[in-house]
Amino acid sequence: MIHETIDSNEIIKLFRQFLDANSATRVLYVVGETKLGKSHLLTKVFPTLAQEEYQAYYAIIDLRYPMHTIPDILALTSNQFEGKSWTHYQGAYQAWTTQPTVQLEKICLLLSSVKISAKQ
């Protein structure tokens, strides 16, 4: 059976379950042929529902590009949340990447247990 669009009512029902704090659903995976309405749901319908019905913040991140690193993805997300009680990722990332590092050279250790912790 070929559908001209995906079942919007069913996927919106699943999205509402996904946003429910008591739901066991933690991932909503939308897949289908091209031109069925997935992108419209993800970029127009879901953000509107999240904001209007749940007062939830949202970010739209396209993970199809394998060249995006985790810092790239976090920066893209952060940029969408700026001004919405979101800490400024760029400043925190810059501070993290410019902090002094420790280099260990020519050390031989025999350990039965190691505990390493950091303040940040």
Side-chain angles (χ1 to χ4, degrees):
M1 177 196 273
I2 297 175
H3 295 283
E4 292 185 18
T5 62
I6 59 176
D7 185 348
S8 297
N9 291 329
E10 181 63 23
I11 197 71
I12 289 171
K13 177 181 159 190
L14 291 170
F15 182 71
R16 285 187 169 117
Q17 288 175 3
F18 172 74
L19 289 179
D20 183 350
N22 298 318
S23 175
T25 303
R26 295 292 171 237
V27 175
L28 182 60
Y29 185 61
V30 181
V31 64
E33 297 293 324
T34 60
K35 305 291 183 192
L36 293 180
K38 298 179 306 296
S39 294
H40 178 75
L41 284 168
L42 294 170
T43 60
K44 305 293 184 206
V45 176
F46 290 173
T48 301
L49 288 173
Q51 190 173 30
E52 291 179 0
E53 293 184 16
Y54 298 89
Q55 293 72 47
Y57 294 128
Y58 62 89
I60 298 171
I61 304 165
D62 190 343
L63 299 176
R64 291 178 290 182
Y65 305 104
M67 291 190 292
H68 282 169
T69 63
I70 291 173
D72 294 336
I73 294 166
L74 292 172
L76 290 168
T77 305
S78 173
N79 290 339
Q80 292 183 52
F81 288 136
E82 289 294 330
K84 297 177 182 163
S85 300
W86 185 266
T87 58
H88 297 278
Y89 171 78
Q90 294 295 347
Y93 178 73
Q94 187 70 15
W96 176 260
T97 58
T98 58
Q99 65 184 333
T101 59
V102 175
Q103 293 184 0
L104 301 176
E105 295 179 10
K106 299 181 182 179
I107 295 177
C108 179
L109 298 172
L110 296 174
L111 304 168
S112 62
S113 175
V114 174
K115 180 178 180 183
I116 299 173
S117 62
K119 292 182 181 180
Q120 298 178 339

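Basis for what follows: all heavy atoms, side chains included, without hydrogens, waters or symmetry-related copies.
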Linked, directly or transitively: I60 and L76 (ILVMFWY side chains, under 4.5 Å): no
Cluster check V30, L49: I/L/V/M/F/W/Y, side chain < 4.5 angstrom: yes
Hits for salt bridge (Lys or Arg N to Asp or Glu O under 4.0 Å) against D20, two or more places apart or cross-chain, chain-then-number order -> none
Applying side chain to side chain donor-acceptor pair (under 3.5 Å) to S23 and not counting sequence neighbours gives T25
Among all residues two or more places apart in sequence or in another chain, which pass the side chain to side chain donor-acceptor pair (under 3.5 Å) test with E53? R16
Would you indicate whether Q55, at its atom CD, is surrounded by more than 12 heavy atoms from other residues, nucleotides or ligands within a distance under 6.0 Å? yes
How close do L19 and A50 get, counting heavy atoms only, and between which atoms? CD1-CA, 3.9 Å
Using every non-hydrogen atom in the two residues, find where V31 and K38 come nearest and quote the distance to one decimal. C-CD, 3.7 Å
Measuring from atom [atom1] of [X] to atom [atom2] of [Y], what distance do you get when rounded to the nearest 0.5 angstrom?
X	Y	atom1	atom2	value
L74	T69	CG	OG1	8.5 Å
N9	L14	CG	CG	11.0 Å
Y57	Q80	OH	CD	14.0 Å

Side chains of [X] and [Y] in contact at under 4.5 Å (non-hydrogen atoms):
X	Y	answer
I11	F46	yes
L41	F15	no
T48	V45	no

Which is it for H68 and I61 under the side-chain contact (heavy atoms from CB on, under 4.5 Å) test, yes or no, and what are the steps along the way? CA-CA 11 Å; H68 282 169; I61 304 165; over 6 Å; no
